[in-house]
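Below: the structure, in structure tokens.
Ligands are counted one by one from 1 in listed order, and the atoms in each one are counted from 1 as well. The figures that follow rest on heavy atoms only: side chains count, while hydrogens, waters and symmetry mates do not.
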Amino acid sequence: MTDLHRKTLVELAAGLRARRFSSVELVRAYLERIEASQATLNAFISITGESALRDAQAADAALAAGAAGPLTGVPIAHKDLFCTQGVRTSCGSRMLDNFVSPYDATVVAKLKAAGAITLGKTNMDEFAMGSSNETSYYGPVRNPWNTGMVPGGSSGGSAAAVAARLAPVATATDTGGSIRQPAALCGVTGIKPTYGRVSRYGMVAFASSLDQGGVLATTAMDAALVLREMAGFDSNDSTSVDVPVPDYVAGLEQPLAGLKVGLLKEFFDKGLERRTEKCIREALRVYESLGAVLSEVSLPSLPLSVPVYYVVAPAECSSNLARFDGVRFGHRCANPRDLQDLYRRSRGEGFGAEVKRRIMTGTYVLSAGYFDAYYLKAQRVRQLINADFIRAFQSVDVLMGPTTPTPAFAIGAKTSDPVTMYLNDIYTIGANLAGLPAASIPCGFVEGLPVGLQIVGPHFSEARVLAVAHAFQRDTDWHSRVPRDYA
Ligand code: GLN
């Protein structure tokens, strides 16, 4: 059974239930693929092979007894910022290199309860700050389509793992694009739900008003299945919203005839690489042939997303990361002279350069003399962006555009210029600022590198976004392409 990795999660779950193969067999096959890829891709920070095989045995027993949940026996990987009880949660940082969480994040607990088996924890940019997975303390992840290229970030490990079929699905988080951008660059399907749809309890915080957990998978159908299990109200997260979770899988087969698609005018700008644009335009033609009605929509405040984000996100991060003080948990420097020395050196040694840059920027914009000029103004513009989206959704059902301006770039190409790196998220950040659900789906290739189409919907319209993505995947096969070395 060497071709199990070619199946989708839905097929794997059905195969397990029909007892065509066992969970132990399946988990073993994925663990072998992970081990074989580590030296090249570096997609994982921790591999939990022993517990995965133990859980797989229990899953096989449950399947035999006919007591299976929706995901019983199916392997999954978690981005290493979801707390996992008894397993290190590093968040890609030296600061948490020795941190073993005493509890499971709600997302992890829910997926476990549905029967999923954890293969390991995936590599990521340090504290989810980055667009290329190059800020990880554990080294960069490589793109399975071309190992000289970045996989995107910050969920680069999760995206590379799914693209190389090291796991059928992986969890991820998106603060400014970290699910959609790596999904686009690795040629997989990713969805960032509405802010508040998925519990943030047990997710190491970066920017609390923007962070949202979601899924990376090969198909929209697989993403729908996993999202259905991980979404929902959680009293442990005060920003979790108590709105019933629809059956995203049952809602997939919606006809597209008459669907009103708004093309984000501001996204088809001069920064959009020509061949990437061509792929996007071809994908839009597929939607037209499926009955969608396309029109151009302008969101005039949207070009301000990047500057607004790089005030709001660092501000929140400087506050959230204050908890890493060398006292309670995380890295502690050796032989501190006094309390100040303990703080300074623990933080100085524990955090990498990008995290320090964000903490300094955030502290600056929140300081007494600059608060009004930067933070308050950014919050105001954020409301304008939000209002632009709300207005747009009065006339269209979904918005579409590119996920990124270019396909994957070379490792090292942008590390010396943070602002160039930040501009990678120019098309993704708007949805975070407005708290909207958004997906990226594979829609073509430029010189062997995948291109992603972005679909943004109104608040709590995940079912619609997934159905729109699914309709495209019924008609095209971009999502089923596998990098040559991992086929
Ligand atoms: N690339 C963006 C940043 O560096 C977004 C990261 C994210 O979504 N976690 O902040």
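Other residues, nucleotides and ligands contribute more than 12 heavy atoms inside 6.0 Å of the OH atom of Y310. Sparse packing is recorded around NZ of K278, with 12 or fewer heavy atoms of other residues, nucleotides or ligands lying under 6.0 Å away.
Nearest non-hydrogen protein atom to atom 7 (C) of ligand 1 is S178 OG, 2.4 Å. Looking at atom 5 (C) of ligand 1, its nearest protein heavy atom turns out to be Y309 OH, 3.2 Å. For atom 2 (C) of ligand 1, the nearest non-hydrogen atom of the protein is D425 OD2, 3.0 Å.
Annotation: D174 places no N or O atom under 3.5 Å from an N or O atom of ligand 1; distance criterion only. Between M129 and ligand 1, no N or O atom pair is found at a separation short of 3.5 Å. Taking only nitrogen or oxygen atoms, main chain and side chain alike, A128 reaches within less than 3.5 Å of ligand 1. Considering both main-chain and side-chain atoms, G177 comes within under 3.5 Å of ligand 1 through a nitrogen or oxygen pair.
Residue pairs meeting the ring pair (Phe, Tyr, Trp, His ring centres under 6.0 Å) criterion with at least one member in residues 134-165, sequence neighbours excluded, are W145-F445.
Applying the 4.0 Å criterion to heavy atoms of Y310 picks out, from ligand 1, the atoms 2 (C), 3 (C), 4 (O), 10 (O). The contact set between ligand 1 and F206, taken as ligand atoms under 4.0 Å from a residue heavy atom, comprises 9 (N), 10 (O). Atoms of ligand 1 found under 4.0 Å from any heavy atom of S154, numbered from 1 in the order shown, are 9 (N). Set against the non-hydrogen atoms of G176, the atoms of ligand 1 under 4.0 Å away are 5 (C), 7 (C), 8 (O).
Using a 4.0 Å heavy-atom cutoff, E354 is absent from the residues neighbouring ligand 1. Residue contacts with ligand 1: G130 is included, with a non-hydrogen atom under 4.0 Å away. Residue Y422 places every heavy atom at 4.0 Å or more from ligand 1.
Only the side chain of R358 comes within contact range of ligand 1, with a heavy atom under 4.0 Å; no backbone atom does.
In summary, R391 and D388 engage in a salt bridge, as defined by a charged side-chain N under 4.0 Å from a carboxylate O. Using a 4.0 Å cut-off between a side-chain N of Lys or Arg and a carboxylate O of Asp or Glu, E354 and R357 qualify as a salt bridge.
Between the CZ atom in F351 and the OG1 atom in T135 there is a gap of 12.5 Å [rounded to 0.5 Å]. N424 CG to K414 NZ: the interatomic distance, rounded to the nearest 0.5 Å, is 4.5 Å. Of the inter-residue distances, the one linking S305 atom OG with L433 atom CG reads 5.5 Å to the nearest 0.5 angstrom.
Under the side chain to side chain donor-acceptor pair (under 3.5 Å) test applied with K79, the options T122, N123, T173 reduce to a single match, T173.
Taking the six-membered ring where tryptophan is involved, the planes of Y370 and Y364 are essentially parallel, since the angle between them stays under 30° and well short of 60°.
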